[in-house]
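These notes are about the structure you will find just below.
Labels below follow one simple rule: chain letters A, B, ... track the order of the sequence lines, proteins then strands, and each chain is numbered from 1.
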Amino acid sequence: MEYNYQEIEARWQKKWREDQAYKVSEDPNKKKYYVLDMFPYPSGAGLHVGHPLGYIASDVYARYKRHLGFNVLHPMGYDSFGLPAEQYAIQTGQHPAITTKNNIARYREQLDKMGFCYDWSREVRTSDPEYYRWTQWIFKQLFNAWYNHDTNKAEPIDSLIAKFEDNGSYNVNAAIDENWWKELDLEAFPQFGEHFAGEFTATDWTSFSEKQQQLVLMHFRLTFLADSWVNWCPALGTVLANDEIKDGVSERGGHPVEQKLMRQWSMRISAYAQRLIDDLETVDWNDSIKEIQRNWIGRSEGAQVFFQLADHPHSIEVFTTRPDTVFGATFMVLAPEHELVETITTEEYRDEINAYVKQAKAKTERDRQANVKQVTGAFTGAYAVHPFTGDKLPVWIADYVLAGYGTGAVMAVPAGDQRDYDFAKTFRIPIPNIFEGVDISEEACADKSAVLCNSDFLDGMPAKKAISACCSRLEEMGIGKGRVNYRLRDAVFSRQRYWGEPFPVYYRDGVPYVLEDHELVTLPDVDKYLPTEDGEPPLARATQDAWNIWKGDRMEYNTMPGWAGSSWYFLRYMDALNDKEFCARSKSDYWGQVDLYIGGAEHATGHLLYSRFWTKFLYDMGHIGFSEPFAKMINQGMILGRSSFVYRIKDTNTFVTLEKKDDHETQALYADIALVDNDILNTEAFAKWREEYKGAEFILNDQGNYVCGHEVEKMSKSKFNVQTPDELVEKFGADTLRCYEMFLGPLEQAKPWDTKGINGVHNFLRKTTRLFEKADDATPSKDNLKSVHKTIKKITEDLERYSWNTVVSALMIAVNELTEQKCTSREALSPLAVLLSPYAPHLAAELWNNLGHQGSVLDAAWPQFDEKHLVEDEIEYPVSFNGKMRFKLPLPADMNPKEVEAAVMAHERTAEFLQGEPKKVIVVPGRIVNIVM
RNA sequence: GCGGGUGUGGUGAAAUUGGUAGACACGCUAGACUUAGGAUCUAGUGCUUCGCGGCAUGGGGGUUCGAGUCCCUCCACCCGCACCA
């Protein structure tokens with residue numbers, strides 16, 4: 001009987017669909033296991049063989065856990081808002097909802113063919129109003145919350161209001177922008193004078209108007225509206241978050257990005273910076289991703305120091321990680337955007353400063369990064385006073401100081417910081433040495449073990465000691481203190497796009513309000529998916545009656561970014577159909593954290609950080625019972641394509657085979673991998689492939705073949721190296737494809753796709769079919785049981801350590817051995833069918849059925865290995881001399897080391913290799929014998 | 001520059017706690033069979049040597065009876081961050 005995979009797979013898929021075999025529900029009597037794939041964006045291109053790699057791995061794991069008796073949650077859905085569908089809509093006018101729906105249908109068709117065990121009754125789509133109803137709900141929760149540093153968690157905004165009513169702003173330790181009051185529109189607060197510094201009494205609070213209260217509260221909310229410097233991408237017509245920019249250009253499309261001050265919704269992720277670092281310890285992720293997150297959050301310890309300005313009431317606040325080097329400070333540098341620049345610049349230097357600021361602002365992020373080496377700056381004419389020496393320090397501006405980090409100002413210590421050193425050299429500023437016995441004539445000294453000198457009370461101390469000494473002194477003097485700074489910025493949450501979640505926000509009198517909890521704003525229809533004439537986002541095109549809800553003066557016109565919906569989707573799967581809550585607490589308590597999360601590493605600073613943030617927030621507010629979403633994560637590597645090349649002789653239509661290409665001047669051109677078998681080109685098909693190759697002539701090799709060159713690179717249509725899962729399922733079956741993708745190598749590693757190798761795996765399944773065909777009631781032989789139990793042990797251990805690839809080899813070895821042994825025993829073969837089932841579920845079901853088993857193979861108990869079948873009577877000892885294996889000697893397994901040594905020494909072959917007496921003989925029982933000469 | 005990772009046959013890889021390096025496949029070579037297939041079966045296949053043997057896990061050094069595995073050092077490639085004070 002042939003292995004008729006098409007018939008087998010179609011039949012079992014139909015049965016499982018009819019039986020709803022993958023539907024799960026909470027069962028308190030069973031242990032749960034949650035296996036999740038990263039949320040896919042359903043792109044128009046469909047899946048190529050690289051995409052399902054992770055899905056297959058998670059599917060294998062979900063099935064394995066089910067065999068072990070776990071109640072396995074394994075859902076799938078779509079992150080279906082996003083730019084590509086909208087760009088397509090702009091070009092064609094087709095509503096992105098239609099594009100998205102079609103793309104999803106295509107995805108689903110491809111996924112179904114591969115036989116995944118998803119519980120599709122839990123499918124979610126972020127663009128579905130019944131999903132984003134709850135995304136909006138979470139936004140409202142964030143809006144109505146603040147972060148209390150005293151309790152170190154988010155709290156309802158009411159607890160803040162209560163504090164204000166009680167004691168005003170005093171004793172409030174909130175996560176809030178420093179100097180937030182400077183952002184307050186003081187015209188709205190006529191009662192505050194010029195010296196308002198963010199402090200108000202309970203009486204002030206209660207006397208505030210509704211609008212005034214709202215304006216104040218806005219600065220405390222976990223999602224807030226504020227003027228902030230954003231990355232504006234003119235080509236995409238929207239702002240981008242830091243993680244959406246790579247190398248200074250937009251990640252999508254590679255367009256230039258510039259800095260712009262815009263009124264935007266932001267998320268106060270910075271409040272969670274420390275917890276996001278600390279809790280990395282509690283998750284089982286690979287070190288590289290954890291490290292990327294740590295770097296991204298960028299914690300640094302140092303000190304905040306105020307430098308009084310000479311002849312000005314203001315002082316400059318700086319952040320430094322090396323307060324110990326303060327005696328080496330010879331100048332100050334502000335970022336060109338620093339708010340004091342305008343105020344402190346003297347008339348004499350005004351033109352120069354204005355020119356520098358203008359030029360710095362005109363630079364795109366990319367220009368700025370490209371000219372890192374070039375030292376530029378300008379002197380403001382102002383001086384600051386050194387807090388310890390009283391020296392006057394000139395205040396400069398330079399774009400090596402970033403407005404967005406720390407306070408946008410530094411105390412420059414040329415002796416201790418290379419950038420300050422380079423700046424000082426360029427502008428001929430003195431570089432006094434503050435390190436004992438260190439030569440700083442060539443470069444600055446950043447070594448923390450260097451001992452300080454010329455530093456008054458810090459003399460003789462190394463950095464560690466001096467830092468704390470200096471911090472205490474600063475604190476005594478009331479001009480600074482130790483503090484921790486984070487690189488992580490609050491995340492901009494508005495996008496000026498159409499195809500995203502609308503905000504549940506309306507404006508009255510310029511003040512934003514959120515809708516009632518039960519109210520859902522759906523996306524209104526618009527005439528075009530473009531900004532309005534005066535630059536408002538596309539939603540501003542919608543007429544008032546196009547909105548399902550309209551309140552106040554107007555609705556919010558921005559939409560939410562792509563990461564909004566994907567930050568909490570893993571929770572919705574637990575209770576996907578709930579129309580009362582985002583997810584019932586009883587369900588999230590049962591399913592809990594994702595036990596195994598599989599997906600690419602490219603989301604390290606986006607999705608994986610944002611979803612941790614929202615999880616912590618929902619935890620703080622008591623909506624869920626855990627504060628990390630993904631307990632274990634594995635990042636699959638990319639599958640690369642293997643492109644084929646033909647070599648056309650310049651200015652001809654003649655193609656020369658790889659071996660002879662160096663005899664000619666040639667041009668390498670892509671050949672579709674479908675026209676190439678084993679690097680040999682089907683010349684006839686090639687000539688028909690494209691009009692321009694019609695009548696092509698070929699110079700062949702000595703065997704009469706045309707051999708193509710090849711290269712490993714990303715799979716893409718333009719390289720003609722794409723293989724889709726569809727065509728492979730068609731040719732070999734889903735089971736073969738599943739096994740083969742796993743067989744390719746370790747999941748995490750990037751690896752090239754070998755179009756040829758799949759034959760070997762297909763062959764293995766055919767051999768398996770043949771082996772099971774002859775099953776009968778025969779009693780299993782000792783060898784049969786040994787092979788089977790060895791395999792049970794190996795596969796179980798491999799799966800427990802997430803080694804998907806070696807399992808396939810183990811199955812192959814088992815089938816090879818049992819075939820060799822001419823095994824026909826149903827008893828021996830049955831466990832093998834279960835072992836096979838996670839990888840090749842259709843074939844396993846067929847075999848299981850044919851063996852005469854009643855229930856579904858899906859729920860068959862995972863076989864337990866029995867040590868007794870693995871005991872050997874005889875061990876083949878490798879005998880080595882000085883560590884080199886020379887021969888093997890079979891000896892009874894129960895021999896003790898002394899007897900083994902005696903047997904080896906007595907053996908005739910030992911004499912061959914041994915000259916004289918051995919120095920030592922090492923016997924590791926059951927393993928090896930080593931004779932030292 | 002900083003951080004993380006990876007280097008094993010012609011190819012993908014295996015070797016889990018230091019114990020027979022290259023399992024399992026692809027490819028290749030030779031042969032068998034035939035219903036000429038992208039079929040199946042048999043044998044071989046790290047390099048080198050006629051053979052005994054010698055050499056081999058990026059290079060060099062070390063620890064050990066024994067190192068792909070542990071330590072030091074250098075090199076190459078990949079990923080992330082990057083004027084972060």
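Across all strands shown, A:D420 has no heavy atoms under 4.0 Å from either base or sugar-phosphate atoms. The residue A:R489 sits apart from the nucleic acid: no heavy atom pair falls under 4.0 Å. Using a 4.0 Å heavy-atom distance criterion, A:N678 is classed as a sugar-phosphate-only contact. Among the atoms of the strands shown, base atoms are found under 4.0 Å from some heavy atom of A:R487. As judged by a 4.0 angstrom heavy-atom cut-off over every strand, A:F743 is placed among the base-contacting residues. Residue-level contact check: A:Q749 touches the backbone only, with heavy atoms under 4.0 Å from sugar-phosphate atoms and none from bases. In this structure, A:D422 reaches neither bases nor backbone, as no heavy-atom distance under 4.0 Å exists between it and the strands shown. In this structure, A:D754 reaches the sugar-phosphate backbone alone: every heavy-atom distance under 4.0 Å involves primed, P, OP1 or OP2 atoms, never a base. Residue A:V401 is in base contact, counting any heavy-atom pair closer than 4.0 Å across all strands shown. Base engagement by A:V410 is indicated by at least one non-hydrogen atom pair under 4.0 Å involving a base atom. Using a 4.0 Å heavy-atom criterion, one finds that A:K793 contacts no nucleic acid atom at all. Base engagement by A:L402 is indicated by at least one non-hydrogen atom pair under 4.0 Å involving a base atom. Among the protein residues, A:S809 comes within range of the nucleic acid bases, having at least one heavy atom under 4.0 Å from a base atom. Nucleic acid contact for A:K290: none, since no nucleic acid atom lies under 4.0 Å from a heavy atom of the residue.
When distances run from any side-chain atom of A:I292 to the nucleotides B:rU20, B:rC65, B:rG80, the shortest one goes to B:rG80. Of the candidate nucleotides B:rC65, B:rC83, B:rC41, B:rC65 has the atom nearest to the side chain of A:N930. Of the candidate nucleotides B:rU20, B:rG19, B:rG38, B:rU20 has the atom lying nearest to any side-chain atom of A:K888. Looking at the side chain of A:D287, the nearest of the listed nucleotides B:rG5, B:rU40, B:rA15 is B:rG5. When distances are taken from the side chain of A:V924 to each of B:rG19, B:rA25, B:rA85, the shortest belongs to B:rG19. Distances from the side chain of A:S288 to the nucleotides B:rG12, B:rA25, B:rG4 place B:rG4 closest. For A:P746, counting side-chain heavy atoms from C-beta on, the closest listed nucleotide (B:rA14, B:rG12, B:rA85) is B:rA14. Of the listed nucleotides (B:rC83, B:rG12, B:rA21), B:rA21 has the atom at the smallest distance from the side chain of A:M885.
Across the C1' atoms, B:rA76 and B:rG60 are found 15 Å apart, a figure rounded to whole Å. Look at the P atom in both B:rU69 and B:rC79: the space between them is 26 Å, to the nearest Å. Nucleotides B:rG62 and B:rU57 have their P atoms positioned 15 Å apart, rounded to a whole Å. Comparing the P positions of B:rU20 and B:rA82 gives a spacing of 46 Å, expressed to the nearest Å. Comparing the same atom, C1', in B:rG7 and in B:rG58 gives a spacing of 6 Å after rounding to whole Å. Across B:rG66 and B:rG18, the matching C1' atoms stand 8 Å from one another, rounded to whole Å. With C1' as the reference atom, B:rG10 and B:rU45 are 11 Å apart, rounded to whole Å. Separating the C1' atom of B:rG46 from that of B:rC28 is a span of 14 Å, rounded to the nearest Å.
Across the strands present, B:rU11 finds its partner in B:rA25; the criterion is a Watson-Crick or G-U wobble pair with both atom distances under 3.5 angstrom. Base pairing of B:rG31 is made with B:rC41, judged by Watson-Crick or G-U wobble geometry with both donor-acceptor distances under 3.5 Å. If you check B:rU6 for Watson-Crick or wobble pairing at under 3.5 angstrom, you find it paired to B:rA76. Base-pair partner of B:rG19: B:rC65 (Watson-Crick or G-U wobble, both distances under 3.5 Å).
If you measure from atom CG of A:L771 to atom P of B:rC41, you get 13 Å, rounded to the nearest angstrom. Per the geometry, CD1 belonging to A:I680 stands 15 Å off C1' belonging to B:rC26, to the nearest Å. If you take CH2 of A:W285 and P of B:rG80, they are 17 Å apart, rounded to a whole angstrom. The nearest whole Å value for the distance from the CG atom in A:N759 to the C1' atom in B:rU11 is 15 Å. Distance A:M742 CE to B:rA14 P: 13 Å, rounded to the nearest Å. Computed from coordinates, the A:F764 CZ to B:rA39 C1' distance equals 19 Å when rounded to whole Å. Rounding to whole angstrom units, OH of residue A:Y405 and P of B:rC81 are separated by 17 Å.
Relative to the six-membered ring of A:Y802, A:K632 meets both conditions, a distance below 6.0 Å and an angle of at most 45° to the axis. Note that A:R487 lies in the cation-pi zone of A:W296, set by a 6.0 Å cut-off to the ring centre and a 45° limit from the axis.
A perpendicular orientation is assigned to the rings of A:H762 and A:F732, their planes being inclined by more than 60° (bins at 30° and 60°). The aromatic rings of A:W753 and A:Y740 sit perpendicular, their planes meeting at an angle over 60°, well past the 30° parallel limit.
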Q: Dump the intermediate steps for side chain to side chain contact (heavy atoms under 4.5 Å, CB included) on A:V401 and A:L334, then the final yes or no.
A: CA-CA 6 Å; A:V401 174; A:L334 307 183; 6.0 Å; no
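For a distance-only test at 3.5 Å, the side chain of A:K731 qualifies as a donor-acceptor partner of the base of B:rG38. Within 3.5 Å, no donor on the side chain of A:K751 pairs with an acceptor on the base of B:rU11, nor the reverse.
Regarding the sugar-base torsion, B:rG9 falls in the syn class, its angle being within 90° of 0.
Side-chain atoms of A:K290 come within 3.5 Å of backbone atoms of A:V283 as a donor-acceptor pair (strictly under, hydrogens ignored). For A:N295 (side chain) and A:I292 (main-chain N/O), no donor-acceptor pair under 3.5 Å exists by modelled atom type. Distance alone, capped at 3.5 Å, is enough to place a donor-acceptor pair between the A:N721 side chain and the A:K714 backbone.
Ion pair A:R642/A:E713 not flagged as a salt bridge, since none of the NZ, NE, NH1 or NH2 atoms sits closer than 4.0 Å to an Asp/Glu carboxylate oxygen.
Put simply, A:R927 has no side-chain N or O that comes within less than 4.0 Å of OP1 or OP2 on B:rG18. Taking 4.0 angstrom as the limit, A:N805 places a side-chain polar atom (N or O) nearer than this to OP1 or OP2 of B:rA14.
Ranked by how close their nearest RNA chain B nucleotide is to the 5' end, A:R886 and A:T376 are led by A:R886. Checking A:I922 against A:A810, the closest nucleotide of RNA chain B that is more toward the 5' end is the one next to A:A810.
Side chains of A:T791 and A:I813 form no contact here, defined as non-hydrogen atoms less than 4.5 Å apart.
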